[in-house]
Every structure is written in structure tokens, then in C-alpha cells.
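What you see is a predicted model; the values in this text were computed from it and never measured.
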Amino acid sequence: MRQLAITPARKAGAATQTRWSVALAVTVDPSAQYPAHSPHTSDTQIDESYFLLAYDPHHRQSWGSSLRIATVAHTDIETDIATDPLFASSTWNDLVQGLTRATDGYYSLHGSVSCSVHEFFPHAPLDCVPLLNSTPSPKRATVDLRASWSPRTLRIGHHFRAWVAVLEKLRGLEPEGVASLLRAHG
């Protein structure tokens, strides 16, 4: 059973004729699926993932609806994956396919996928001249997925589950129903 932590991040407005929004902070815990083989250690950066549902009773034309979903996902990935020229478009395609399969449709999907490789260098005391050949610490890579769309129906749970499936894939988890070779032979 996968563990999914959902934390209310913000809530504004309550009346039906006012604008309101609800944001959920989501953390996918890969160790729940693979406790003995978790790739995450205590020095792994914590994911930052949010799912925001906004409502405007005046049916915004740019949204094509009165509802808008906005999402942000930020997570660590392996550096060789971050430098793969197809990774960003593949991640975006995962979102589009997930929304198409799992929901009743959507309008006006927009967003971006950004991959970054970070290389950190050791700190040198102020009274020393840094060596030109300073050895960097290990590289770290991250991916940021930002997307927004308008659902065609009020079945928001389907949109949430499609987005969580993309988060799980970014974290290296297999989709539901796919057997792991680690578990089968480990």
C-alpha cells in the first residue's frame, strides 16, 4: 500500500458567489513501496509538490471554465536522467496521457518541465585563496513540473490521481499493477 501525505496548505473563501482556492501539499513516500530498497537517504531533499484548485463563479474566459487546477512538483532525480534531452518532453507526455486516460477531459493545459544539475563547491576560509582545482561535492539534479488546466467536469479526484501518478513516476515508483523485478527476485 502506498503512503500519500496530504496537508491542507491554504484555503480562502467559502461562499458560492466568491472566488476561492484550496491547495494541497503532497509528499510521495517511495519507502512505503520499497522499504528495503529505498533510494532515498536522510540527505535527500524533501519534495515540494502542490495541487491547487481555484474557483471563480464568473467563468473566466482564459480558463474555459469556472474551475482551474494548478500544480507544482519539485523533486530530486539522478543526474544522468536530468541531462537526457528527452526527459522533459517525456515527463510532460506522462501528464498529458495520465489526464487523458484518467479524467473526463480538460481545457487549456499549459506548463513547463525544467531539469537542473547542481554542482556545489567546498567553502574556502576568507583568508585563503581558493584553489583552482577545488574538488566539487557530488552533483545533485532536480526536476520541476508546473502545469495548469481546467477540468471539464467536477470529478476533481480523477485529476488529482492522474497528477499523483506522474509524481510517483518522477520519484521512481512503478505504476499500480506493475511488478518490480526487485520484489520478484529480491
Task: Verify same cluster id: L99, L24 (apolar side-chain graph, 4.5 Å) - done: yes

Task: Contact summary for L95 and A147, nearest pair of heavy atoms - done: CD2-CB, 3.5 Å

Open item on the list: Show the nearest heavy-atom pair for residues S49 and A73, with the distance to one decimal.
Closed with: OG-CA, 3.9 Å

- [ ] Answer whether the closest heavy-atom distance between the side chains of D56 and L67 falls below 4.5 Å.
- [x] no

Task: pair L145-V166: side-chain heavy atoms closer than 4.5 Å - done: yes

Task: Gap between atom NE2 of H74 and atom CG of L167 - 0.5 Å precision - done: 12.5 Å

TODO: May I ask you to test the T142-I77 pair for a side-chain heavy-atom distance under 4.5 Å?
DONE: no

Open item on the list: On a heavy-atom basis, which atom in H159 and which in R155 lie closest, and how many Å separate them?
Closed with: CD2-O, 3.4 Å

Open item on the list: For H118 and S116: C-alpha separation, side-chain torsions, deciding distance, then whether side-chain hydrogen bond (donor to acceptor under 3.5 Å, both in side chains) applies.
Closed with: CA-CA 6 Å; H118 312 277; S116 303; 4.5 Å; no

Open item on the list: Taking atom CZ as the centre, does R152 end up with more than 12 heavy-atom neighbours from other residues, nucleotides or ligands that are less than 6.0 angstrom away?
Closed with: yes

- [ ] Determine the interplanar angle of the F160 and F51 rings, folded into 0 to 90°, and report it as parallel if under 30°, tilted if 30 to 60°, perpendicular if over 60°.
- [x] perpendicular

Open item on the list: On a heavy-atom basis, which atom in S21 and which in L52 lie closest, and how many Å separate them?
Closed with: CB-CD1, 3.9 Å

- [ ] Check whether any side-chain heavy atom of V143 sits under 4.5 Å from a side-chain heavy atom of V113, and report yes or no.
- [x] yes

Open item on the list: Rounded to the nearest 0.5 Å, what separates atom CG in D80 from atom CZ in F87?
Closed with: 10.5 Å

Open item on the list: Can a side-chain donor-acceptor contact be found between T75 and R171 if the only test is distance below 3.5 angstrom?
Closed with: yes

Open item on the list: Looking at S89 and L86, would you say the former's side chain and the latter's main chain have a donor-acceptor pair under 3.5 Å?
Closed with: yes

TODO: Could you tell me whether a side-chain N or O of S150 sits under 3.5 Å from a main-chain N or O of W63, the two making a donor and an acceptor?
DONE: yes

Task: Check: T153 side chain, D104 main-chain N or O, donor-acceptor pair, under 3.5 Å - done: no

TODO: Could you grab the distance from atom CH2 of W149 to atom OG1 of T103, nearest 0.5 Å is fine?
DONE: 9.0 Å

TODO: Calculate, to the nearest 0.5 Å, the distance between atoms CD1 and CG belonging to I81 and D76 respectively.
DONE: 11.5 Å

Open item on the list: With a 4.5 Å cut-off on side-chain heavy atoms, are Y55 and R68 touching?
Closed with: no

TODO: Using a 4.5 Å cut-off on heavy atoms from C-beta on, say whether the side chain of T91 contacts that of L170.
DONE: yes

Task: Main-chain N/O of A102 paired with H158 side-chain donor or acceptor, under 3.5 Å - done: yes

Task: V96 side chain near Y106 side chain, heavy-atom distance below 4.5 Å - done: yes

Open item on the list: Are the side chains of T71 and I69 in contact, using a 4.5 Å heavy-atom criterion?
Closed with: yes

Open item on the list: Does Q97, at its CD atom, have more than 12 non-hydrogen atoms belonging to other residues, nucleotides or ligands within less than 6.0 Å?
Closed with: yes

